[in-house]
Amino acid sequence: MRKRLSNLVYMQSDQIIIKAFQAGSQKEQHFTELVKRHQQKLYYQIKRMVIEHADADDIAQIVWMKVWEKLDGFKMESEFSTWLFRIGYNETINFIQKRNKLAIVHPMESSEAPFQEASTLNGPKSSQIQIKLDQAILQLPEKQRFVFMLRYFEEMPYEKIALITETSLGGAKANYHQALKKMQEIIQAD
Amino acid sequence: MSEQNNISSIDQEKNEVQALFNQESIDQFEKQVNTVPENYFEQFSENILTKIQEKNKNSLLIRFGKLSVAAAILFLVIGSYFVVTQYNMNDVTTIAIHEIPTAELDAYVSNNEWMTDAEMQTEINNVGLNLDIENSSKDSIN
């Protein structure tokens, strides 16, 4: 109950900041306020998807620049965080798809990329189970991975996940369970 | 109520994941994700605002550049129009017919007489007149 109330207060204060931004005075100050409130959650979600800090930073910057461009037209029909994560989702998927296309064009350069990512993620002392977890996560299709991360690490309700990934409620649930099933298969295969 | 359902469902789902991988490895994954360069979040908003300002400056320059090119093209078109019309106006001199000397008019008519005949013949053909006297008289006899 308390969590729900604090969420509501947080949401309302987002709206106050956005209205002040849209009113046109001290835009930069209000924008900074929004960035400071949401930057960490967005960055972590992107980084869970792309692993490397430099990539996550690039994507986060693109997302926030888009927010700056489009915030005047934001009608507050959804929560700001939903809208922000939807932009983040689209940009992250675009980035991964471009990277995958590059991997097809230059296979020698990136054929082992997921495994390299997994080892950089864990460090030299990583246990077998940690490497398996990273590899299982990295082998998931992008959408399933995004849904899994939002649900497991951000503890987001499926309704919100569905809005972010532009799927139905059932679709979001199915994506999570397919991700879990696929990870089970990857673990058992080893 | 739905909030409570969500929490209990998340707990259940977390237990499933933790049965698959151990909690330590999941924590390790999240720890790595949460590792960022020093002062990254403190400076992030400033960096973004700097980039936005740069982008705005660049787009202003591009817009100004496009406007300058458009203005230059417009200037060229209007300028060349004025130059051409001015040139034509200087070139054409109007003379009244009584100012032309008679000898010159006679020379013009005699030089172009054959053209007048040809034009006349074309007109006759177009109208379909038959000016053959012999034929017309025969027709009248018959």
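Residue numbers start from 1 in every chain, and the chains themselves are labelled A, B, ... in the order their sequence lines are given, proteins ahead of strands.
At a heavy-atom cut-off of under 4.5 Å, chain A is reached by B:Val36, B:Pro37, B:Tyr40, B:Phe41, B:Glu42, B:Phe44, B:Ser45, B:Ile48, B:Leu49, B:Lys51 from residues 36-51 of chain B, listed in order of number. For residues 69-83 of chain B, an interface with chain A (any heavy-atom pair closer than 4.5 Å) does not exist.
The greatest number of non-hydrogen atom pairs below 4.5 Å with chain B, out of A:Val35, A:Asp57, A:Thr32, is found for A:Asp57. Heavy-atom pairs under 4.5 Å with chain B were tallied for A:Phe31, A:Tyr43, A:Phe148; the largest tally goes to A:Tyr43. Taking A:Met183, A:Glu69, A:Met65, A:Gln40 one by one and counting their heavy-atom pairs under 4.5 Å with chain B, the maximum is reached by A:Gln40.
In this structure, A:Lys66 places its NZ atom where only 12 or fewer heavy-atom neighbours from other residues, nucleotides or ligands lie under 6.0 Å away. The local environment of CD in B:Glu16 is crowded, with over 12 non-hydrogen atoms from other residues, nucleotides or ligands closer than 6.0 Å. Heavy-atom neighbours of A:Lys27 NZ from other residues, nucleotides or ligands within 6.0 Å: above the threshold of 12.
Interatomic distance, A:Leu133 CG to B:Phe29 CZ, rounded to the nearest 0.5 Å: 6.5 Å. Distance CD/A:Gln61 to CD1/B:Ile52: 9.5 Å, rounded to 0.5 Å. Taking CD of B:Glu30 as the reference point, atom NZ of A:Lys47 lies at 10.0 Å (rounded to 0.5 Å).
For B:Glu123, the side chain to side chain contact (heavy atoms under 4.5 Å, CB included) test picks out B:Asn126, with sequence neighbours left out. Take A:Glu142 and apply the salt bridge (Lys or Arg N to Asp or Glu O under 4.0 Å) test, not counting sequence neighbours, and it matches no residue.
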Side chain to side chain contact (heavy atoms under 4.5 Å, CB included) between A:His177 and B:Glu13, worked out: CA-CA 9 Å; A:His177 289 289; B:Glu13 286 166 6; 4.2 Å; yes

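Interface remark: B:Lys31 contributes no atoms to any contact with chain A (heavy atom separation under 4.5 Å). Both the backbone and the side chain of A:Tyr152 come within less than 4.5 Å of a heavy atom in chain B. Contact of A:Met149 with chain B is made through the side chain alone, with heavy-atom distances under 4.5 Å. Proximity to chain B (any heavy atom under 4.5 Å) is restricted, for A:Ala136, to the side chain, taken from C-beta onward. For chain B, no part of A:Leu34 is nearby; none of its heavy atoms comes within less than 4.5 Å.
Residues A:Trp64 and A:Ile62 fall into different hydrophobic clusters, defined by Ile, Leu, Val, Met, Phe, Trp and Tyr side chains chained together at heavy-atom separations under 4.5 Å. Residue A:Ile161 is grouped with residue A:Leu169 when hydrophobic side chains (ILVMFWY) are merged at heavy-atom distances under 4.5 angstrom, including chains of intermediate members. Residues A:Leu163 and A:Leu150 do not share a hydrophobic cluster, defined by chaining ILVMFWY side chains whose heavy atoms lie under 4.5 Å apart.
The two atoms that bring B:Leu20 and A:Gln184 nearest to each other are CD1-CG, 3.1 Å, heavy atoms only.
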